[in-house]
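This report concerns only the one structure given below.
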There are 4 protein chains.
Amino acid sequence: MKKNKPKYNQIIEAAVEVIAENGYHASQVSKIAKKAGVADGTIYLYFKNKEDILVSLFEVKMGQFIEQIAQSINEKQHVSDKLYALIEMHFRQFAKDHHLAVVTQLELRQSNSELRWKINEVLKPYLSEIDLVIKEGIDDGSFRGDLNLPLVRQMIFGTLDEVVTNWVMNEQRYNLLAQASAVHALIINGLSVKE
Amino acid sequence: MKKNKPKYNQIIEAAVEVIAENGYHASQVSKIAKKAGVADGTIYLYFKNKEDILVSLFEVKMGQFIEQIAQSINEKQHVSDKLYALIEMHFRQFAKDHHLAVVTQLELRQSNSELRWKINEVLKPYLSEIDLVIKEGIDDGSFRGDLNLPLVRQMIFGTLDEVVTNWVMNEQRYNLLAQASAVHALIINGLSVKE
Amino acid sequence: MKKNKPKYNQIIEAAVEVIAENGYHASQVSKIAKKAGVADGTIYLYFKNKEDILVSLFEVKMGQFIEQIAQSINEKQHVSDKLYALIEMHFRQFAKDHHLAVVTQLELRQSNSELRWKINEVLKPYLSEIDLVIKEGIDDGSFRGDLNLPLVRQMIFGTLDEVVTNWVMNEQRYNLLAQASAVHALIINGLSVKE
Amino acid sequence: MKKNKPKYNQIIEAAVEVIAENGYHASQVSKIAKKAGVADGTIYLYFKNKEDILVSLFEVKMGQFIEQIAQSINEKQHVSDKLYALIEMHFRQFAKDHHLAVVTQLELRQSNSELRWKINEVLKPYLSEIDLVIKEGIDDGSFRGDLNLPLVRQMIFGTLDEVVTNWVMNEQRYNLLAQASAVHALIINGLSVKE
DNA sequence: GATGAATGAGACTTCATTCAT
DNA sequence: TATGAATGAAGTCTCATTCAT
């Protein structure tokens, strides 16, 4: 399997660095090859084309990302803790890997619609994780029974995504992780005053 | 003032249509000129360069967009109604103008970082509108006093943006406007069960 | 006759200034029109096209230039003095009008071959003046009888032209006029030691 | 080193031909590529941009040109013979390569000021060769001691340049080489009658 | 005569991908 | 496997000229 070959990962890592440093449009295949220490042509022994590098990059990185989150969720008993774990790990991973944060929040969004469709596919398992938490909360009575599942998922993902993007666009000048509990409270309680 | 000249608006409208139909990267200046019914060179009498068309497009359309929302908010007395008006008008306007929805939610995000910075500038008045509503809610006791203003703004905007993007990516197959009240409830109450 | 109309000369003078200040390739018709204080279209009431402005500019300016030299020559009796007058007036006029020097020595040479042919036509009366002096010198025994007329003319014109071009390219940092007598000596006597 | 690669020279030669045949402004990169038998993009593996082709062309060709002249001068003992060799080789080389003559005397002068500055740099070694001959003549008493070196250089170069340009503009209808001895005599003796 | 908004042809350069070695 | 020289399609913008007013 190609993915075990060292050059495959070399190229993926090189792509993340090159895109984070140069931006999406200035990241030519030749630049990625150079950073990876291989010839331009070698790229095409491991990837179908440039888009395939990007999709693979997203697959690999997001696979790990989601894996971490799923694991973190599974360690918790209560739904509220699970939701917190999800938020915390989402932030924690981007806080730890600034390159990845820049690439996923800013640069990869400059890709064309076709690539963004594939990226959405990669995100599906993450969205399913979110769904599981919501469903569990509804089932055990922690969350209201009348919640519209896709909508809640969109609220949660949209919020996390926007918070991370803001952090990235502000050049990561503040502590992203410190926001986790406030975001958690907001999602659980909304804006209104509780009795 | 240039903006009163008919060709200026002709070109803006043509750009929205061309980008919505062909996608960002396949929208050559010559295509926009043709759709607008002017010569290629005429574009450059009204816009500095291609990017300037896109920024201007966003400025004009978002200016109207925000204006509509602000007006709608001002007609309401209570904060909860204002927030609802904001959500409803956000959805209503994209539901009414599918071309614009595609352009703002998908195509314009493919632009380079410089353009995205300018787009962010255009969005600022909208974010200020959101802030005003939140502040009012806090002041009159409708919302909790310990809310983190930027975070709440990010939650609201992130949620609306994600909901609209999902609707666009699903080819607008369902009624976006119908989601307004559920989204409103979610933002006000969060996920938890109220006493 | 067009040439008596004030705008004709306004445009010529504007062209000299614009070309001297901006260089040949950055001298758009619109820039010349603006400097002349007329509308772009007005240019075409007085000149057939852009090339016609340049040729006319050269005709007018060189006509005056040659006229001055011819007059100066005619005031002299002896051939050697006539040659000196020619050299001196050639230098004097460029020294007096730096704009014109830049335009004729540098900028107008960037024109295409067709225009340069026409410019050569304009120069012919000047070359004839040179010829007259040489012929007179041969006839009265001041100059050798075996001189090849076109060659001598080319030497004289080539030398003057190169001296002026060097002065212009050195940003006119030295006194061009002061070179006249040395140039005159060089042309009359050559390099060799006289007995 | 790039200059040893065959395509480098192929492109240079093609450029000389294309410019000589079509004129400077009608010499598109695509035309040069076609004549050189390479793809358009290949040009940019060997040259930074179009101007770089022209500068390199001039460097290579003038390098050889000057080399030939320097060699020819060195074979002579007496200063007068050296000056003759310089003139003779100057003419001989252009007479042998009509394309090059057209390109250097007419077409390359249409380039913008920046390029012409670079061209002047390339010419400097040639001007130095001329200087050496003049100095030697002054030192050994063949030439007058009061000669102004830069002025003499300008006279010699200006004369040769003008003679060649005239020959080119007359479509090379006469024997350029045959002029060498008359030009030599003119430079050495000037116009005056020697005792 | 005078205006100036509109026209539209034309070319340099980049970069993803290939293929002979 | 690995290389990297070569390919060639494709698009933005300028500016001389026109013509309706």
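Proteins get letters first, then strands, A, B, ... in listed order; numbering begins at 1 in each. Since the model is a prediction, treat every value here as computed from it, not as a measurement.
For the OP1/OP2 pair of F:dA6 and a distance below 4.0 Å, the side-chain nitrogens and oxygens of D:Y46 include at least one atom meeting the criterion.
For C:D40 and F:dC15, the CG to P distance is 12 Å, given to the nearest whole Å. A:D52 places its CG atom 14 Å from the P atom of E:dA16, with the value rounded to the nearest Å. For the pair A:F47 CZ and E:dA16 C1', the computed distance is 15 Å after rounding to whole Å. Nucleotide E:dA6 holds its C1' atom 14 Å from the OH atom of C:Y44, rounded to whole Å. Taking atom NZ on B:K34 and atom P on F:dG11, their separation rounds to 14 Å, with Å as the unit. If you measure from atom CD of C:Q10 to atom P of E:dG1, you get 14 Å, rounded to the nearest angstrom. Taking atom OH on A:Y24 and atom P on E:dA16, their separation rounds to 9 Å, with Å as the unit. Going from atom NE2 of B:H25 over to atom P of F:dT12 covers 11 Å, rounded to whole Å.
When distances run from any side-chain atom of A:N49 to the nucleotides E:dT17, F:dC15, F:dT7, the shortest one goes to E:dT17. Each of F:dT12, E:dG4, E:dT7 was ranked by its minimum atom distance to the side chain of C:A39; first place goes to E:dG4. For A:L45, whose side chain is taken as the heavy atoms from C-beta onward, the closest listed nucleotide among F:dT3, E:dT3, E:dA6 is F:dT3. Considering only side-chain atoms of C:V38, the nucleotide from E:dT7, E:dA11, E:dT3 that sits closest is E:dT3. Of all nucleotides listed (E:dC15, F:dC15, F:dC13), F:dC13 comes nearest to the side chain of B:K50.
Base pairing in DNA chain F gives the following stems of 3 or more Watson-Crick or G-U pairs, range against range and under 3.5 Å: E:2-21 with F:2-21.
Between A:K124 and A:E121, at least one side-chain nitrogen of the basic residue sits less than 4.0 Å from a carboxylate oxygen of the acidic one, meeting the salt-bridge criterion.
Positionally, the nearest nucleotide of DNA chain F for B:K48 lies more toward the 5' end than for the other of B:K48 and C:E51. If you find the closest nucleotide of DNA chain F to A:G37 and to B:S30, the one lying nearer the 5' end belongs to A:G37. Annotation: of the two residues near DNA chain E, A:G41 and A:A26, the 5′-most nearest-nucleotide partner is A:A26.
Nearest heavy atoms, B:K35 versus B:A14: CG-CB, 3.6 Å.
If you check every strand for non-hydrogen atoms under 4.0 Å, A:K7 touches sugar and phosphate atoms only. Here C:K31 lies out of heavy-atom contact (under 4.0 Å) with every strand. Note on D:V29: a base of the nucleic acid sits closer than 4.0 angstrom, heavy atoms only.
Between the NE2 atom in C:H25 and the CD1 atom in C:I19 there is a gap of 11.0 Å [rounded to 0.5 Å]. With values rounded to the nearest 0.5 angstrom, A:K7 atom NZ is found 6.0 Å from A:T42 atom OG1. Taking CD from C:E17 and CG from C:N22, the interatomic distance works out to 10.5 Å, rounded to the nearest 0.5 Å. To the nearest 0.5 Å, atoms OG1 (C:T104) and NZ (C:K61) are separated by 11.0 Å.
Of the possible polar contacts, none joining the B:K50 side chain to the B:V29 backbone as a donor-acceptor pair under 3.5 Å is found.
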query = How far apart are the C-alpha atoms of C:Y44 and C:D52, what are their side-chain angles, what is the distance that settles it, and do they pass the side-chain contact (heavy atoms from CB on, under 4.5 Å) test?
reply = CA-CA 10 Å; C:Y44 292 86; C:D52 189 30; over 6 Å; no
